[in-house]
2 protein chains.
Amino acid sequence: MNQVLKKGRVLPDMEREVIELFIRMADVLNLPRSVGEIYGLLFISSDPLCLDDCRIRLNISKGSTSQGLKILRSFGAIRTVYIPGDRKDYYVAETSLRKMASGFASEQILPHVHNGEDRIGRIQGLLDQQESDDKETLQEKIDLLKNWQKRAGKTLPLILKLIGS
Amino acid sequence: MNQVLKKGRVLPDMEREVIELFIRMADVLNLPRSVGEIYGLLFISSDPLCLDDCRIRLNISKGSTSQGLKILRSFGAIRTVYIPGDRKDYYVAETSLRKMASGFASEQILPHVHNGEDRIGRIQGLLDQQESDDKETLQEKIDLLKNWQKRAGKTLPLILKLIGS
DNA sequence: CATAATGTTCAATTTATACTGAACATATCA
DNA sequence: TGATATGTTCAGTATAAATTGAACATTATG
């Protein structure tokens, strides 16, 4: 099939459905819609696409496309391929669930976990310098938080293991 | 400590921090801010609170409070307690991570998983009734999607197991 | 060096989502 | 029964987030 025609044609039903699927996934993962669209397009595309390919086929702006690709790169959901004699960057979708999950965990989840750790530390500090009649009860609750935190920290890597290759 | 005074006083630093922590958690889980606030307040409160207690202390609207409590009830993050001689509903925070995670999974995650299953079925249908030169490649990709779906379905219950009691 | 090609950034705008508050439903009480 | 207390619903509004597009970097090319 002619490359130019292929890139130029409107999205057929199946591509639409696949992209829609990834839009929903993006939504669940708290990622912008455009990120789902771009990943879906790259996932179903038979060859690498550049920024403009995505922009045109999805009918979204340059800025959104650039941001979207950046986010996808940030957790390893896409990978750059070099095409000789072309200055543009071309992308393909990474298909290893393991890689993506691990990238997503470390880039999008861990920061929140660490943020939570900090905050719990600060809460403990506030309790320590406080004199109150229900100090013990409060301490129990903070201990509960610490326990959740610990379990979250341990479960995350286990999940990645479970997801396998 | 006097019950009336206690309920009426402004939120002290520690409660603020705890609530802030749950606001962040709610954000990660794609839940409205108010849901995090309400859960946080109930979590740190030493006694059950009714809708109006939450509304007043958090300074949010009746509607938000009602909706938030409904969402928290929907996945078992809070529990109603009966207080004799009072017509109001009183709530306490559920503290079993297991219960909450399982409720959250079945109420907030599984519907998306099922939705995805449906869509993948539809995509397979579209491919079946199509004659294209790259049919095999596309079938491989759909198979990949099915594989992800299957692993997601199997991993979810395992996560719940891991989280333990 | 000037021009063109490519990608990034960010202020302004649009869009999606959550929140508000008044009207409503329901239950209790006098 | 009418008045009061409690909670829900939902149309309108406010808020937060994503998107746009033009200006700006950067790099290549003639």
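We name chains A, B, ... by the order of the sequence lines, and we start the count at 1 in each one. All values below come from the heavy atoms of this structure, side chains included, with hydrogens, waters and symmetry mates left out. The structure displayed is predicted, hence computed values, not measured ones.
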Looking at [N], I'd like to know if its phosphate oxygens (OP1 or OP2) sit under 4.0 Å from a side-chain N or O belonging to [X].
X	N	answer
A/Arg73	C/dT8	yes
B/Ser34	C/dC19	yes
A/Arg55	C/dT8	no

Nearest-Å distance, [atom1] ([X]) to [atom2] ([N])?
X	N	atom1	atom2	value
A/Ile71	D/dA17	CD1	C1'	12 Å
A/Tyr90	C/dG7	OH	P	9 Å
A/Lys62	C/dT8	NZ	P	10 Å
A/Gln67	C/dT9	CD	C1'	8 Å
A/Arg87	C/dT6	CZ	C1'	6 Å
A/Asp27	D/dA18	CG	C1'	13 Å
A/Leu29	D/dA17	CG	C1'	17 Å
B/Asp53	D/dG7	CG	P	10 Å

Would you mind classifying the nucleic acid contact of [X] as base, sugar-phosphate or nothing, using non-hydrogen atoms under 4.0 angstrom?
X	answer
A/Ile60	sugar-phosphate
A/Asp52	nothing
A/Thr65	nothing

Of the non-hydrogen atoms in B/Ala105 and B/Leu160, which two are nearest, and what is the gap between them?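 The pair with the smallest heavy-atom distance is CB-CD1, 4.3 Å.
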Using a distance-only criterion (donor-acceptor N/O pair, under 3.5 Å, no hydrogens), is the base of C/dG7 paired with the side chain of A/Lys88?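 Per atom types, no contact qualifies.
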State which of [options] makes the closest approach to the side chain of [X].
X	options	value
A/Ser66	C/dT8, D/dT19, C/dC19	C/dT8
A/Lys70	C/dA27, C/dT9, C/dG7	C/dT9
B/Pro32	C/dT20, C/dT8, C/dA18	C/dA18

Above 12 or not: heavy atoms from other molecules or residues under 6.0 Å from [atom1] of [X]?
X	atom1	value
B/Asn59	CG	no
B/Lys150	NZ	no
B/Lys154	NZ	no

Specify the residue among A/Leu31 and A/Gly63 whose closest nucleotide of DNA chain D lies further upstream toward the 5′ end.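 On the 5' side of the pair lies A/Leu31.
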Under 3.5 Å donor-acceptor, A/Glu37 side chain and A/Ile19 backbone: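 No; zero donor-acceptor contacts below 3.5 Å.
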